[in-house]
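Numbered from 1 within each chain, the chains take letters A, B, ... in sequence-line order. Heavy-atom basis, side chains included; hydrogens, waters and symmetry copies ignored.
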Amino acid sequence: MQEQVWIVDDDQAVRNSLRMLLKSSGFTTREFDSADSLLEEQDFSPCYCLLLDIRLPGISGLELHQQLEARGVQTPAIFITGHGDIPMAVQAMQQGAVDFLTKPLHDAELIDKVQAAIALAREQRDKRQQETAVHESLATLTDREREVMAGIVRGLSNKQIAAELSISPRTVEVHRAHTMEKMNVNSVANLVRLLGEAGLIDE
Amino acid sequence: MNKPDGNTAPSSASYLDALLAAAVDGIIIIDSAGIVHRINQAALQMFGFTEQEILGGNVSNLMPGLHAGKHDSYIRKYLETGKAGVIGIGREVEALHKDQHLFPVYLSVGEIGHQDSPHFVGILRDLSAQQAVEEEMRVVEEQLTHAARLVTLGEMAAGIAHEINQPLTAIASFADAGSRLVKTGATSEEDLTDICHQISGQAHRAAEVVKRLREMVQPANSQRLPKNLNELVKSILLIADYNNKSRGVKIHLELDKELPEAFVDPVQVQQIILNLVNNAMEAFPDNWDQLKQVLIRTEQDGANIVLTVSDNGPGLAEGAESHLFEPFFTTKPNGIGLGLSISHSIAQRHGGRLSHRAGQLEGCCFRLTLPMTSVG
């Protein structure tokens, strides 16, 4: 699947020129002439970067960004502003836009920023995927395995865990092996890191 | 009150003395040769003379050269023909102070009946203070007009900057795309031709904005010309549309295609239209949840061209209507309250009218009437 840049600008000439410029640099784009037409979209998964004109008829670029956030769409957004719109650009940055560009655009700057936005989107998605994977793995653990894992993460020895759970150290060892296998890790350090990255423990 | 006792009643001379002394206005009595017989304290103060300096002299000493020379002939003419230039009418004239400065007075003249050689009484009211106030008001109004024009210019500049920046943005990006395509060789002659075409089209678009701008900014001392109001409305929308974008207002136009020309100063009338359109677009409160609409209409009404700007906002606040055209009356948080008052006086100077009336939409409706180029 090709990573797309979605452009929202009410000016057809600006839209076309941005499409051409991004296409000439190897990006795939989709264009929208208003916030409303973008909001009709159901599936935002192909979109890795939003390029939003800050002034749009009807719903403004800023409002569009807020509505998308509210829907849980986390795609990095770059705002395009006129010279007089700097206060709006500041507001955009405050509400979480990744960057802004001033018209007329400089191609190198545009392309760098779009690339950075796409890289950020990838990173975010990888992280989310990993989180999902960890949660899925955790779901396969039995209650006992979970208790053993909690002990491991706290740095306890098999003996200590066995004492706490009133089971034999031999049994702890079996649970421990199963847990490491199910979580797909080969060391305690890796297990802690994985759970940390998924936000489940403080590292 | 008792009936006045005949024996102790004051003489008519003492009545006259009392009247002259009590009057706030200057009073001067002359004979038919122009010689001053009586002058009251108020008049002496007005002119800066003492009684001795005036009595027995000619009244023309109190007038600037042009009238002084002719005053004797005014009286002669009246005595011969009975036609008075000033008696019973009153008029504003210039008077000459002892220190030679001129000051405005309102003069009314009455005749005191001596059959052969009548006397005349002149009553003078000093208008200096009143005129100074008027002059001051005129200066203030000029300053305000200037301030409002700067505000309008600022708005225009923002709109124009945006309108030119759009095609420039497109041109820059098309050109960048073109050179990248050439560099990578991943392009066809057809693609490049298309890009050049687009660039040229956008350059013309920018040029069109510049052309309209030049039409808008005419010489400062511009005069009245026959002008189609529809054109003025369209040029204003160029600016208003830009401001409108962030507000989400839908503008409807009902422009009479057969509209005759009005005889106007285009720049000043554009100022009125911009004011009305901006007001309409700012009529909606932040939490307004209905569709925001503004209707601009032109039509002919008898010998007048009529422009109405209506909105479907909440309408005027209670009590606002009677103050609408007063300077510094505003209902906007950042308003200075000059737009409508200046628009109102521009309309009046054109022999037209600006008024508020019940709207075609639910909100406010302002109606501007201007005279047609030629009547009849």
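- Counting non-hydrogen atoms of other residues, nucleotides and ligands closer than 6.0 Å to CG of D143(A) gives a total of 12 or fewer.
- The shortest heavy-atom contact between D9(A) and Q166(B) is OD1-NE2, 4.2 Å.
- A salt bridge links R205(B) with D11(A): at least one charged nitrogen is closer than 4.0 Å to a carboxylate oxygen.
- The structure places OG of S173(B) at 10.0 Å from NE2 of H106(A), a figure rounded to the nearest 0.5 Å.
- Around the CD atom of E181(A), the shell of radius 6.0 Å holds no more than 12 heavy atoms that belong to other residues, nucleotides or ligands.
- Atom NZ of K23(A) has 12 or fewer heavy atoms from other residues, nucleotides or ligands within 6.0 Å.
- Only the side chain of I111(A) comes within less than 4.5 Å of a heavy atom in chain B; its backbone stays farther off.
- Counting non-hydrogen atoms of other residues, nucleotides and ligands closer than 6.0 Å to CD of E41(A) gives a total above 12.
- At most 12 non-hydrogen atoms from other residues, nucleotides or ligands lie less than 6.0 angstrom from CD of E123(A).
- The distance from atom CE of M20(A) to atom CG of D194(B), rounded to the nearest 0.5 Å, is 4.5 Å.
- When each of N16(A), L18(A), L21(A) is checked for a side-chain contact (heavy atoms from CB on, under 4.5 Å) with F174(B), only N16(A) meets the rule.
- Around atom CG of N190(A), more than 12 heavy atoms belonging to other residues, nucleotides or ligands sit under 6.0 Å away.
- Between T184(B) and S24(A) the shortest side-chain heavy-atom distance does not fall below 4.5 Å.
- For the pair L168(B)/K103(A), no side-chain contact is recorded, criterion being any heavy-atom separation below 4.5 Å from C-beta on.
- Remark: H197(B) NE2 is loosely packed, at most 12 non-hydrogen atoms of other residues, nucleotides or ligands lying under 6.0 Å away.
- R180(B) has its side chain out of reach of L22(A): every pair of non-hydrogen atoms, C-beta onward, lies at least 4.5 Å apart.
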